[in-house]
Amino acid sequence: GPRGKQGRGGKGGPEGKPDAESRVREQAGKIVRGVLAGRGAARTHIERALERPELRPGDEGLLTELVYGTIRMVGTLDRLLDACARKGLRKVEEPTLNHLRVAAYQLVFLEHAHAAIAVDAAVRCAGRRDHVRGFVNGLLRGLQRAIAARHPEDDPPAGVPLSRRLPGRDGGWVSFTRDLLPEHEGPAYLAAATSLPYSLAEAWVEEHGFARALELARASNAPPPLALRVNLLRVTRDEVLVELNAAEREARPLGTPAGIALEGGLGEAGYALLWAGKVTVQDETHQRVAPLLEPQPGQRLVDLCAAPGGKATHLAELLGDQGRVDALDVEEERVARITSATSRLRLESLHPALTDPEDPRPPAEVEAPVDGVLVDVPCSNSGVLRRRVEVRWRLERLDWPPLLRLQARLLDRALELVRPGGAVVYATCSVDPRENQAQVQAALERHAGLTLEHEQVHLPTRGGGDGGYAARLRKPG
């Protein structure tokens, strides 16, 4: 994992004003430090930084790439930097280390990065002490010299041993002039080369074999694709595609009935569709969950852990906005997000409500028993590592027994709320069988007559959907 505890920062910046690109890189280093210290999510830090006077709206793309990329790959970056530093990284102060990490990310993973700018920005951010600036400059130039080539093909480059190559950001490989990584296929190489916690690398190799685990890791490190779900109550998918193509945006239909893949961020056209209530941003895998409940107009449904509202709004759309969906969550701020999605999409059938996690009884608004319940439980998020970049480093400290107990309790509560003959869909954004198949099997053993009708397991794919799991259970009638 990422190295060491977080120290106190010094002041950055030498004489002379830093240029725009250096300012972005300096902010990136500060954000990486805050996120790795557990002080909030990367996205929140980025949004706050973009409000600063020295940054421009146009800086968002580079800042997001540097922050997300560095946090995602920090285990690998530390390994490479440590191997290139004569005395290792042990004594490097935290602020300097994070600027080193941001620069190293650019040198290793961004083909179009201006190497000189990346190095100069890190030196500038290293403060006024000459020996620190000299160390940063020397270490990064050493790393730069160690990079031999970039190979666009996924097939291993001929004659380059495993210890001298690692997977590139967009596929292919980056090769080195010397041995910087473990030499054998296995968890140690996977953890080092793809920046995974060792326990996760070990579990993936054991479950899937090395080749498939490597592909899983590549998918978990690739920039996540942007998918939209069309609100078919307001507009057809073809109409949205026409609108996007008219704005010269690259968009194509996905394998889900309302899904669209959009290249290169939302942009003006995407935001216009979003605010008009014509689309919702939702990954392809998550678009497959609400339909499993087979909503019919006039039904009463409950989404038990509904924030931020992607699946609850989907349920209401699938009902034709006729019937009722009670969308419950445990924090006011989270319920407010569902409320804002509800009004944006102009849905009459969706009713967000605050629920007490400790109280097994449903809120007064819910008239139980209902026709169907969706329970998308809190989980390890191991299927969405590419989106939630800070999650992988929490997995090492995850306390599993309380999490697994909470998931089982929520599934039981869903089964209590549903009428005889009704359906419950249990879902996670995890790829861990303990949270998925094992939870459903345990429920089948706990509840006589309960049947498993449908199960879907998704592993994350490059350019495709996230990882996740969903199962439809039928209560005996």
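Remark: Thr96 engages no residue in a side-chain hydrogen bond (donor to acceptor under 3.5 Å, both in side chains) (not counting sequence neighbours).
The two residues Ser380 and Leu403 have their closest heavy-atom pair at N-CD2, 3.9 Å. In this structure, Ala191 and Tyr198 approach most closely via the heavy-atom pair CB-CA, 4.1 Å. The shortest non-hydrogen separation linking Gly463 to Arg386 is N-NH1, 4.5 Å. In plain terms, the two heavy atoms of Arg178 and Ala83 that are nearest each other are NH2-O, 3.6 Å.
For the residue pair Asn381 / Arg388, a side-chain donor-acceptor distance below 3.5 Å is found, with atom types taken as modelled. Looking at Asn221 and Arg462, their side chains never bring a donor and an acceptor atom within 3.5 Å of each other. Side-chain contact check for Glu183 and Ser163: no donor-acceptor pair (N or O, by modelled atom type) lies under 3.5 Å. A donor-acceptor contact under 3.5 angstrom links the side chains of Asn137 and Arg141, judged on distance only. Side-chain contact check for Gln439 and Gln407: at least one donor-acceptor pair (N or O, by modelled atom type) lies under 3.5 Å.
The OG atom of Ser430 sits 3.5 Å away from the CD atom of Glu435 when rounded to the nearest 0.5 Å. Rounded to the nearest 0.5 Å, atoms CD1 (Ile31) and CG (Asn98) are 11.5 Å apart. Here Leu100 contributes atom CG and Phe135 contributes atom CZ; the two are 6.0 Å apart, rounded to the nearest 0.5 Å. To the nearest 0.5 Å, atoms CD1 (Ile71) and NE2 (His45) are separated by 8.0 Å. Atom CZ of Phe109 sits about 10.5 Å away from atom CZ of Arg72, to the nearest 0.5 Å. Rounded to the nearest 0.5 angstrom, Arg25 CZ and Tyr105 OH are separated by 12.0 Å.
Taking a cutoff of 4.0 Å between a charged side-chain nitrogen and a carboxylate oxygen, Glu207 and Arg212 do not qualify as a salt bridge. Checked for salt-bridge contact, Arg39 and Glu390 miss the test: no charged N lies under 4.0 Å from a carboxylate O. Ion pair Arg169/Glu65 flagged as a salt bridge, since at least one NZ, NE, NH1 or NH2 atom sits closer than 4.0 Å to an Asp/Glu carboxylate oxygen. Using a 4.0 Å cut-off between charged nitrogen and carboxylate oxygen, Glu243 and Lys278 count as a salt-bridge pair. In this structure, Asp303 does not pair ionically with Lys311, as no charged nitrogen and carboxylate oxygen lie closer than 4.0 Å. In summary, Arg101 and Glu94 engage in a salt bridge, as defined by a charged side-chain N under 4.0 Å from a carboxylate O.
Annotation for Arg43: atom CZ counts as buried by contact number, over 12 foreign heavy atoms lying within 6.0 Å. A 6.0 Å sphere centred on CD of Glu54 holds more than 12 heavy atoms belonging to other residues, nucleotides or ligands.
The side-chain tip of Arg218 does not point at the ring of Trp204 from less than 6.0 angstrom away and within 45° of straight on.
At distances below 3.5 Å, at least one donor-acceptor pair connects side-chain atoms of Arg229 with backbone N or O atoms of Gly310. Gln287 contributes a side-chain N or O that, together with a main-chain N or O of Gln282, makes up a donor-acceptor pair within less than 3.5 Å. Asp59 places no side-chain N or O within 3.5 Å of a backbone atom of Val24 that could act as its donor or acceptor partner. Arg434 places no side-chain N or O within donor-acceptor distance of the main-chain N or O of Leu404, the cut-off being under 3.5 Å. Although no hydrogens or angles enter the test, the distance criterion places no donor-acceptor pair under 3.5 Å between the side chain of Asp329 and the main chain of Arg334. Formation of a donor-acceptor pair under 3.5 Å by the Arg234 side chain with backbone atoms of Ala276 is found in this model. In terms of modelled atom types and a separation under 3.5 Å, the side chain of Arg337 and the main chain of Gly309 share no donor-acceptor contact. No donor-acceptor pair closer than 3.5 Å links the side chain of Thr285 to the backbone N or O of Gly468. Without hydrogens or angle criteria, Arg165 side chain to Phe176 main chain gives no donor-acceptor distance under 3.5 Å. Under the 3.5 Å distance criterion, the side-chain polar atoms of Arg150 are matched with a main-chain donor or acceptor of Val108.
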key: Stepwise side chain to side chain contact (heavy atoms under 4.5 Å, CB included) test for Asp466 and His286   = CA-CA 8 Å; Asp466 287 340; His286 309 304; 3.2 Å; yes
